Visitor: 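Attaching a single structure in structure tokens format; questions to follow.
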Amino acid sequence: MKQAELTEAALAAFLDAFYARVRRDPLIGPVFAAKIPDEAWPRHLATIHDFWSSVLLKTGRYKGNPFGRHLGIEGINPAHFARWLGLFEETAAEIFVPEIAGILVERAHRIGDSLKSGLFFRPEMRTVRP
């Protein structure tokens with residue numbers, strides 16, 4: 001049964017399922033594996049949970065700099081973002097009812113567009129550090 005409410009528990013289940021797919025994906029999995037060793041994934045997932053909880057549930061738990069964190073990823077390109085978003089959309093559609101999935105996907109696209117703009121289309125932004 002699909003989740004009809006966006007709660008911390010539903011969000012955590014979604015993110016765990018989504019990032020399991022990300023890690024197995026032949027295009028973006030290796031990018032993540034190069035930056036995040038297996039033993040660091042629990043900590044990374046906790047940070048991701050805090051980020052999305054802050055974005056979607058307004059909890060304010062995330063205190064980091066997502067743009068700065070993505071600056072240091074060698075070889076990242078727009079195709080990686082497109083694949084990430086595709087997996088995000090697929091997973092959201094499987095876990096949530098369409099109304100909730102749409103909220104997640106819309107927010108992910110806005111965040112992705114902002115990151116892509118700074119990383120690939122505004123070279124002056126590349127001087128920002130985490």
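Since the model is a prediction, treat every value here as computed from it, not as a measurement.
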Visitor: Charged N to carboxylate O below 4.0 Å: is that the case for Glu94 and Lys2?
Guide: no
Visitor: For Asp113, give me all partners under salt bridge (charged side-chain N to carboxylate O under 4.0 Å, His left out), at least two apart in sequence or on another chain.
Guide: Lys116
Visitor: Please enumerate all residues that pass side chain to side chain donor-acceptor pair (under 3.5 Å) together with Ser54, with sequence neighbours excluded.
Guide: none
Visitor: At their closest point, which heavy atom of Phe120 faces which heavy atom of Ile76, and how far apart are they?
Guide: CE2-O, 3.4 Å
Visitor: If you round to the nearest 0.5 Å, how far is NE2 of His80 from CG of Leu85?
Guide: 13.0 Å
Visitor: Between the side chain of Arg83 and the main-chain N/O of Leu27, is any donor-acceptor distance below 3.5 Å?
Guide: no
Visitor: Among residues at least two apart in sequence or on other chains, which ones pass side chain to side chain contact (heavy atoms under 4.5 Å, CB included) with Ala17?
Guide: Thr91, Ile95
Visitor: Which pair of non-hydrogen atoms, one from Leu6 and one from Leu57, has the smallest distance, and what is that distance?
Guide: O-CD2, 3.6 Å
Visitor: Which atoms form the tightest heavy-atom contact between Ala92 and Val105, and what is the distance?
Guide: CB-CG2, 4.1 Å
Visitor: Could you work out, with salt bridge (charged side-chain N to carboxylate O under 4.0 Å, His left out) as the rule, every residue matching Arg23, not counting sequence neighbours?
Guide: Asp38
Visitor: Does the side chain of Asp50 come within less than 4.5 Å of Lys63's, by heavy atoms?
Guide: no
Visitor: Counting only pairs under 3.5 Å, give me each side-chain donor-acceptor contact of residues 40-47, with atom names and distances, residues two or more places apart or in other chains.
Guide:
{"from": "Trp41", "atom 1": "NE1", "to": "Ile36", "atom 2": "O", "distance (Å)": "3.4"}
{"from": "Thr47", "atom 1": "OG1", "to": "Arg43", "atom 2": "O", "distance (Å)": "3.2"}

Visitor: Only counting residues at least two apart or in another chain, list the ones meeting ring pair (Phe, Tyr, Trp, His ring centres under 6.0 Å) with Phe88.
Guide: Phe14, Phe18, Trp52, Trp84
Visitor: Suppose we screen for salt bridge (charged side-chain N to carboxylate O under 4.0 Å, His left out). Which residues come up paired with Arg110, at least two apart in sequence or across chains?
Guide: Glu106
Visitor: How would you list, by chain and number, every residue that makes a side chain to side chain contact (heavy atoms under 4.5 Å, CB included) with Ala10, sequence neighbours excluded?
Guide: Gln3, Thr7, Phe96
Visitor: Could you tell me whether the side chain of Leu56 reaches within less than 4.5 Å of the side chain of Arg107, counting heavy atoms only?
Guide: yes
Visitor: Mind checking what makes side chain to side chain donor-acceptor pair (under 3.5 Å) contact with Glu89, not counting sequence neighbours?
Guide: His109
Visitor: Under the rule for side chain to side chain donor-acceptor pair (under 3.5 Å), what residues qualify as partners of Glu8, not counting sequence neighbours?
Guide: Ser53, Arg61
Visitor: Determine whether Asp25 and Val22 make a side-chain contact, defined as any pair of heavy atoms from C-beta on separated by less than 4.5 Å.
Guide: no
